[in-house]
Amino acid sequence: MVIAIDGPAGSGKSTIARKIAGILGYYFLNTGSFYRAYTLAQLDRGLNPLDQESVLETAKNVKLSVSDGDIHIDGVNVEKRLHTPDVDRYCSQISVDPRIRELVNIQVRKLSEGMDIVTEGRDTTTVVFPDADFKFYFDAYAEVRAKRRTEEHPDGPSYTQVLEEILKRDERDKNKAVGALKIAPGAIYIDTTYLTIKQVCEKVLEAIDK
């Protein structure tokens, strides 16, 4: 069974996907974490995160793995370092490269073989798992998404800065040559703007139980 969730940054994908996976006893797989991990690996090496050839070389030379939903780089758990301001700033730009996207897609498909999973990302239902058993698209006003991100990282950038970056990121994600953010055919649309985490989970579980 594959339950896939798409949507823009801050719409609640990761939080809800992890909770649904826990409720159902499924494996949680965050495809976006792979792009963040490659970004982090590049930054840790002191290399330019906007140099596509250098990023690709780094990606080919690090080993990514997942354990209990957390991502590891060369065996080291880096989950807590994947949402720093620097990673936020560059990961969307790194994910534009079709070669990086293909690397990630190959890995996540291999990891999911023979497993019941809940997975999320920005092209999970359109490119990575187009034949998922259940497809969802989460959405929310940009201002609300920025507020959520600011509350998650109170010591990070200001609300205004976060909102500006989210708007830029939305534009990049919707215009990618490969893996652009869009609603997949048959996906269930859920506007999370005014919903609690519990309410979103209830909507997802209700759709799955039908």
Side-chain angles (χ1 to χ4, degrees), residues 5-18 28-105 107-108 111 119-124 128 138 142 145-176 178-181:
I5 302 172
D6 273 348
S11 58
K13 301 186 304 296
S14 296
T15 300
I16 302 302
R18 191 182 287 274
F28 169 62
L29 185 60
N30 181 342
T31 60
S33 289
F34 286 78
Y35 298 106
R36 289 180 173 275
Y38 285 143
T39 305
L40 179 62
Q42 183 76 350
L43 291 170
D44 280 352
R45 285 161 174 72
L47 301 173
N48 183 358
L50 299 181
D51 182 339
Q52 289 188 331
E53 298 305 320
S54 177
V55 172
L56 183 62
E57 190 65 23
T58 294
K60 288 179 177 179
N61 285 285
V62 298
K63 180 181 179 182
L64 302 188
S65 58
V66 180
S67 178
D68 296 325
D70 288 353
I71 199 158
H72 295 65
I73 298 177
D74 294 331
V76 179
N77 190 327
V78 296
E79 188 68 28
K80 293 182 178 179
R81 299 181 58 212
L82 296 181
H83 293 276
T84 63
D86 279 344
V87 173
D88 284 346
R89 185 176 302 117
Y90 295 114
C91 69
S92 181
Q93 296 172 72
I94 283 176
S95 71
V96 170
D97 190 332
R99 298 169 299 177
I100 295 292
R101 300 198 72 80
E102 184 59 23
L103 278 177
V104 170
N105 292 344
Q107 290 182 74
V108 297
L111 279 169
T119 181
E120 61 93 355
R122 283 182 189 78
D123 63 350
T124 309
V128 189
F138 289 179
R145 291 186 280 128
K147 184 174 182 290
R148 290 172 181 170
R149 282 293 168 90
T150 304
E151 290 174 348
E152 287 174 5
H153 306 284
D155 297 327
S158 68
Y159 165 80
T160 302
Q161 291 173 304
V162 173
L163 176 59
E164 182 180 357
E165 181 55 35
I166 276 182
L167 291 173
K168 288 180 180 177
R169 188 166 185 176
D170 285 351
E171 189 66 19
R172 283 197 301 268
D173 288 344
K174 290 176 181 177
N175 291 287
K176 285 176 180 173
V178 177
L181 176 65

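- A 4.5 Å side-chain heavy-atom check between E164 and L167 finds every atom pair outside the cut-off.
- With R45 contributing its side chain and A41 its backbone, the two residues share a donor-acceptor pair below 3.5 Å.
- Going from atom NE2 of H153 over to atom NE2 of H83 covers 6.5 Å, rounded to the nearest 0.5 Å.
- Interatomic distance, D70 CG to K80 NZ, rounded to the nearest 0.5 Å: 8.5 Å.
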Given the rule in the side-chain contact (heavy atoms from CB on, under 4.5 Å) test, do H72 and L64 qualify, once you have shown the distances and angles that lead to the verdict?
CA-CA 6 Å; H72 295 65; L64 302 188; over 6 Å; no
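- For the pair I5 and F138, the minimum side-chain heavy-atom distance is below 4.5 Å.
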Derivation and outcome, side-chain contact (heavy atoms from CB on, under 4.5 Å), residues E53 and R99
CA-CA 10 Å; E53 298 305 320; R99 298 169 299 177; 3.0 Å; yes
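- For R148 and E152, the salt-bridge test fails: no basic side-chain N is under 4.0 Å from an acidic carboxylate O.
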Could you walk me through whether D44 and R81 pass the side-chain contact (heavy atoms from CB on, under 4.5 Å) test, one step at a time?
CA-CA 11 Å; D44 280 352; R81 299 181 58 212; 2.8 Å; yes
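- Side-chain atoms of R101 and D123, non-hydrogen and from C-beta on, do get closer than 4.5 Å to each other.
- Checked by atom type and distance alone, the side chain of S158 pairs as donor or acceptor with a backbone atom of Q161 at under 3.5 Å.
- Smallest separation of non-hydrogen atoms from V162 and P157: CG2-O, 3.8 Å.
- C91 contributes atom SG, which lies 12.5 Å from atom CD1 of I100 (distance to the nearest 0.5 angstrom).
- In terms of modelled atom types and a separation under 3.5 Å, the side chain of Q93 and the main chain of R89 share a donor-acceptor contact.
- Here the CD atom belonging to E57 is positioned 14.0 Å from the CD atom belonging to Q52, to the nearest 0.5 angstrom.
- Taking D173 as the reference, S92, R122, R169, K176, L181 meet the side chain to side chain contact (heavy atoms under 4.5 Å, CB included) condition, with sequence neighbours excluded.
- E171 CD to I166 CD1: the interatomic distance, rounded to the nearest 0.5 Å, is 14.0 Å.
- For the 3.5 Å distance criterion, the side chains of T39 and Q42 fail to qualify, holding no donor opposite an acceptor.
- Put simply, the side chain of S95 never gets that close to the backbone of Y35: no donor and acceptor are under 3.5 Å apart.
- A side chain to side chain contact (heavy atoms under 4.5 Å, CB included) with Y38 holds for exactly one of L43, D97, V62, L56; it is V62.
- Screening T15, N30, T31 for a side chain to side chain donor-acceptor pair (under 3.5 Å) involving E120 leaves a single residue, N30.
- The salt bridge (Lys or Arg N to Asp or Glu O under 4.0 Å) check on R172 picks up E165, with sequence neighbours excluded.
- Of the listed residues (N105, T119, L29), just one forms a side chain to side chain contact (heavy atoms under 4.5 Å, CB included) with V128, and that residue is N105.
- The backbone N or O of G7 lies less than 3.5 Å from a partner atom in the side chain of K13, making a donor-acceptor pair.
- Separation of atoms CZ (F34) and CG (L103) is listed at 11.0 Å; rounding is to 0.5 Å.
- Salt bridge status for R145 with D170: present, with a side-chain N to carboxylate O gap under 4.0 Å.
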